[in-house]
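Worksheet for the structure shown next.
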Amino acid sequence: MNQRPVIIDTDPGIDDALAIAIALFAEELDVRLITTVAGNVSLENVTGNALRLLRFFEKEVPVAKGAAQPLIAEFVDASNVHGKTGMEGYDFPEPDMSLLLEEHAVNAMRRVIMESPEPITLVTIAALTNIALLFAMYPEVKRNIREIVMMGGSASRGNKGVMSEFNVGTDPEAAQVVFQSGVPIVMAGLDVGLKALVLPEDSEEIKNMGKTGDMAWHLFRRYRGGSFQTGLKMYDSCAIAYLLCPELFTVEETYVEVELRGSLTAGCTVVDLKNYLHKTPNAKVCTDIDGEKFRVWFRQALAKCI
Ligand code: RIB
Ligand code: CA
């Protein structure tokens, strides 16, 4: 099988953890590098969590630390959702520090992208600070990036603020740099993330899926992105699902811009589905997802993580 080379930029994070697991065990993907950025919790914690996950899954993927805070915005974490450590609820093994590169994430991404004989897909499931820095420092990388598949933004309401989704709202300026970069973008925002749910019957099935299922179930108990009863929101898995099972999604090409100055709307993605602005589309926006088929896909994908 011709694997798609990817770099995952992440802030684990309980939903990140499941998305990373699925990506690591997907035969369609070749995870060349994992880069970390402050978001759900601090840079130190998200980096340690990425290394813990790699030890848990016995996968040897290099990890590089990135930005410890947003470009301009004040850093506000989501430890209320993911716990103080960012992956509370399960007693993970010690992080595999041998996988941690000395390089900054931006330099590691540039090296991996420019060395690759085929274009790299950037899978971003966190704030876009590292990606904005990458484009500012090394714009030449754009010619060897196939696309950015991001979990971020929303064509409707927010989950960090009234109108702002957490990844875009954490670093709106970085998100604007990325949306205006000219690199092909797929935006899997809250319009699909809020419907990508693990329901109670799924949790029960997952609980009995061996070591990985036991780990996931323990994380789910602590995760506050929804609940066992109402459904646990697997936001970040939407980005991986788009790569592995794009037919789950309804997608519309449109123009997206990030509001930076609104007193009530700063950090929101303005998704111009009706083309009021008459601007050239810069993103494929996932406007809907088949929630039932997502549940089946998610359980099947997680069952492969052994
Ligand atoms: O809005 C959801 C996003 O914010 C996810 O990436 C989640 O992990 C948090 O980072
Ligand atoms: Ca995340």
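Quick caveat: nothing in here was measured; it's all calculated off a predicted structure. Atom set for the values below is all heavy atoms of this structure, side chains included, hydrogens, waters and symmetry mates excluded. Remember, it's 1-based here, ligands and their atoms both numbered in the order they're listed.
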Quiz item: With a cut-off of 3.0 Å, which protein N/O/S atoms are close to the Ca ion (ligand 2), if we only count those under it?
Solution: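 Only Asp11 OD1, Asp16 OD1, Asp16 OD2, Ile125 O, Asp236 OD2 fall inside 3.0 Å of the Ca ion (ligand 2).
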Quiz item: Name the one of Asp9, Thr47, Asn130 that satisfies side chain to side chain donor-acceptor pair (under 3.5 Å) with Thr36?
Solution: Thr47
Quiz item: With a cut-off of 6.0 Å (strictly less than), are more than 12 heavy atoms of other residues, nucleotides or ligands near NZ of Lys84?
Solution: no
Protein heavy-atom partner closest to [atom] - residue, atom, separation in Å:
atom: atom 9 (C) of ligand 1; answer: Asn40 OD1, 3.1 Å
atom: atom 6 (O) of ligand 1; answer: Asp236 OD1, 2.6 Å
atom: atom 8 (O) of ligand 1; answer: Asp15 OD1, 2.6 Å

Exercise. Keeping to residues at least two apart or across chains, list the ring-ring contact (aromatic ring centres under 6.0 Å, His included) pairs with something in residues 115-170.
Key: none
Practice problem: Classify the angle between the aromatic ring planes of Phe294 and Trp297 as parallel (below 30°), tilted (30 to 60°) or perpendicular (above 60°). | Solution: tilted
Record the part of [X] in heavy-atom contact with ligand 1 below 4.0 Å; permitted values are side chain, backbone, both and neither.
X: Ile125; value: backbone
X: Phe166; value: both
X: Val81; value: neither
X: Asp11; value: side chain

State the atoms of ligand 1, each with its element, that fall below the 4.0 Å cut-off from a heavy-atom position in [X].
X: Glu165; result: 1 (O), 2 (C), 3 (C), 4 (O)
X: Asn159; result: 1 (O), 2 (C)
X: Asp16; result: 8 (O)

Quiz item: Where is the tightest heavy-atom contact between Asn49 and Thr85, given as atom of each residue plus distance?
Solution: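 Heavy atoms only, the tightest pair is ND2-O, 2.8 Å.
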Quiz item: Looking only at heavy atoms, which two atoms of Ile289 and Lys195 are closest? And how far apart?
Solution: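 For Ile289 and Lys195, the tightest heavy-atom pair comes out as CG2-CB, 3.6 Å.
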Self-check item: Validation row, ring centre Tyr255 to ring centre Phe179 under 6.0 Å
Solution: no
Quiz item: Under a 4.5 Å side-chain heavy-atom rule over Ile, Leu, Val, Met, Phe, Trp and Tyr, are Leu219 and Leu199 clustered together?
Solution: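 Per the 4.5 Å side-chain linkage, Leu219 and Leu199 are not co-clustered.
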Quiz item: Is Met151 reachable from Leu232 through a run of hydrophobic residues whose side-chain heavy atoms are each under 4.5 Å from the next?
Solution: yes
Quiz item: Between Asn40 and Asp16, is any side-chain donor less than 3.5 angstrom from a side-chain acceptor?
Solution: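 Yes.
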Exercise. State, without any angle test, whether Asp171 and Thr129 hold a side-chain donor-acceptor pair at a distance under 3.5 Å.
Key: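 There is such a pair between these side chains.
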Quiz item: Can you find a heavy atom in the side chain of Arg4 that is under 4.5 Å from one in the side chain of Val6?
Solution: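 The answer is yes; the side chains approach within 4.5 Å.
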Quiz item: Got an N/O contact under 3.5 Å between Tyr235 and ligand 1?
Solution: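 No, since none of the N or O atoms of Tyr235 sits under 3.5 Å from an N or O of ligand 1.
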Quiz item: Mind checking whether Met151 has an N or O less than 3.5 Å away from an N or O of ligand 1?
Solution: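 No - when backbone and side-chain N and O of Met151 are compared with those of ligand 1, no distance drops under 3.5 Å.
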